[in-house]
Amino acid sequence: MTTQETVDRLLREAGRTYAADAGITLADKPSPLYRLLTLSLLLSTRIKADIAVAAARELHAAGLGTPRAMVEASWQDRVDALGRAHYRRYDEQTATALGEGAELLLDRFHGDLRRIREAADGDERVLRDRLTEFPRIGPVGAAIFAREVQEVWPEFRPQLDTKALQGAKKLGLPQDTSELARQVDGKALARLAAGLVRVTLDDALARKVTEPTA
């Protein structure tokens, strides 16, 4: 297959953002951006992605989709919501981090992650530095947020980090970020990045994407 054919198949087979899986209709608005931050925290621990996604859905179903609601919920409420999604190994630490992170967001940024966007002014390093100030949002969590948020924050495109490039290598796609990004429209970069990460984590998916058509 040509590079373009491989990319097109990848988008068909695995081009779903993790935000979409979590039921987040991403937009440049406070609530969906906060839900993405929460999802990024959940995905950054050593736990299966589907469990992290389920935990993000459960937190939202429990009414914890805004930083104010997260702060006002009890620690036990947060633990219980995570437990219902089987996010058990890190539930207590994560429940604490969610509360502390929501409080920080309210205190420093008035509950609005768009203030971080404004402060970064298109500088990826500033964006990641600000994100890692949140509890348990380390470099991995910041990278996840950046990959997903490029859908609605175009000034940070392309976000194709090491994890995504590992997937590109498995598929025989270009390793140069700029060349790889040119294979899709800018609005599809978040889907491309998510698909590549899925390939990195799933050998069977990589084989499915690259197997010859009948």
Side-chain angles (χ1 to χ4, degrees), residues 11 15-45 49 52-53 55-57 59-60 63-72 94 97-165 177-178 180-197:
L11 291 176
R16 307 177 314 281
T17 64
Y18 287 94
D21 277 356
I24 302 170
T25 301
L26 200 56
D28 188 31
K29 297 178 180 179
S31 180
L33 291 171
Y34 174 67
R35 291 179 63 194
L36 176 59
L37 183 70
T38 298
L39 175 64
S40 300
L41 184 157
L42 297 168
L43 284 167
S44 65
T45 58
V53 166
R57 283 182 170 274
L59 286 166
H60 181 64
L64 306 182
T66 67
R68 177 63 61 191
M70 191 69 75
V71 165
E72 292 178 352
T94 300
L98 287 170
E100 293 175 349
E103 189 170 357
L104 185 152
L105 180 58
L106 289 167
D107 290 346
R108 293 189 54 186
F109 303 105
H110 303 281
D112 191 345
L113 285 162
R114 293 177 299 181
R115 291 175 178 263
I116 292 180
R117 179 188 187 183
E118 293 170 3
D121 193 26
D123 189 324
E124 176 187 342
R125 289 173 298 178
V126 175
L127 173 65
R128 291 179 185 244
D129 286 346
R130 293 291 183 272
L131 291 171
T132 55
E133 293 174 7
F134 290 93
R136 295 182 72 85
I137 299 284
V140 172
I144 294 168
F145 185 93
R147 283 199 310 259
E148 298 272 319
V149 84
Q150 67 181 317
E151 182 176 333
V152 294
W153 289 0
E155 67 270 30
F156 296 107
R157 297 173 186 161
Q159 289 294 319
L160 297 165
D161 59 11
T162 301
K163 184 74 74 174
L165 292 177
T177 299
S178 296
L180 184 57
R182 285 196 293 270
Q183 306 304 314
V184 298
D185 179 84
K187 293 181 179 180
L189 276 168
R191 294 176 55 224
L192 175 64
L196 291 171
V197 170

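Here the structure is a predicted model, which means the values were calculated and not measured.
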Exercise: identify the closest heavy-atom pair between [X] and [Y]:
X      : Y      : value
Ala164 : Leu196 : O-CB, 3.4 Å
Pro32  : Ala27  : CG-O, 3.7 Å
Pro154 : Val152 : CD-O, 3.2 Å
Leu36  : Ile24  : N-CD1, 3.9 Å
Ala22  : Ala56  : CB-CB, 4.1 Å

**Q.** For Arg68, all residues meeting side-chain hydrogen bond (donor to acceptor under 3.5 Å, both in side chains), sequence neighbours excluded
**A.**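 For Arg68, no residue satisfies side-chain hydrogen bond (donor to acceptor under 3.5 Å, both in side chains) once neighbours in sequence are set aside.
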Q.
Please enumerate all residues that pass side-chain hydrogen bond (donor to acceptor under 3.5 Å, both in side chains) together with Thr66, with sequence neighbours excluded.
A.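 Thr66 satisfies side-chain hydrogen bond (donor to acceptor under 3.5 Å, both in side chains) with no residue once adjacent residues are dropped.
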From [X] [atom1] over to [Y] [atom2], what is the distance, rounded to the nearest 0.5 angstrom?
X      : Y      : atom1 : atom2 : value
Leu64  : Leu98  : CG    : CG    : 8.5 Å
Ile144 : Gln159 : CD1   : CD    : 12.5 Å
Leu160 : Leu180 : CG    : CG    : 5.0 Å
Leu37  : Leu42  : CG    : CG    : 9.5 Å
Asp121 : Leu127 : CG    : CG    : 11.5 Å
Leu39  : Tyr18  : CG    : OH    : 9.5 Å

**Q.** salt bridge (Lys or Arg N to Asp or Glu O under 4.0 Å) contacts in which one or both residues fall within residues 139-153, not counting sequence neighbours
**A.**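 Counting only pairs at least two positions apart or across chains, the salt bridge (Lys or Arg N to Asp or Glu O under 4.0 Å) contacts touching residues 139-153 are Arg147-Asp161.
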Q) Any ion pair linking Arg114 and Asp112 (charged N to carboxylate O, less than 4.0 Å)? A)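 Judged by the 4.0 Å cut-off on N to carboxylate O distance, Asp112 and Arg114 do form a salt bridge.
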Q.
When you compare the side chain of Pro67 with that of Val71, does any pair of heavy atoms fall below 4.5 Å?
A.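 Side chain of Val71 against side chain of Pro67, heavy atoms only: no contact under 4.5 Å found.
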Q | Pairwise side-chain contact, Leu41 with Thr38, heavy-atom cut-off 4.5 Å (strictly under) | A |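 The answer is no, as the side chains (C-beta and beyond) never meet within the 4.5 Å cut-off.
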Show me the donor-acceptor pairs, under 3.5 Å and distance only, between side chains in residues 130-143 and residues at least two apart or in other chains.
| residue | atom | partner | partner atom | Å |
| --- | --- | --- | --- | --- |
| Thr132 | OG1 | Arg128 | O | 3.1 |
| Thr132 | OG1 | Asp129 | O | 2.9 |
| Glu133 | OE1 | Arg108 | NH1 | 2.6 |
| Glu133 | OE1 | Arg108 | NH2 | 3.2 |
| Arg136 | NH1 | Gln93 | OE1 | 3.4 |

Q) Is Arg157 reaching over with its side chain to a backbone N or O of Gln150, donor-acceptor style, under 3.5 angstrom? A)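 Checking the backbone N and O of Gln150 against the side chain of Arg157, a donor-acceptor pair under 3.5 Å is found.
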Q: Would you list the pairs meeting side-chain hydrogen bond (donor to acceptor under 3.5 Å, both in side chains) in which at least one residue belongs to residues 25-34, sequence neighbours left out?
A: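 Pairs touching residues 25-34 that pass the test: Asp28-Arg117, Asp28-Trp153.
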Q. Please, which pairs that meet ring-ring contact (aromatic ring centres under 6.0 Å, His included) have at least one residue in residues 97-121, sequence neighbours excluded?
A.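 ring-ring contact (aromatic ring centres under 6.0 Å, His included) check on residues 97-121 returns no pairs.
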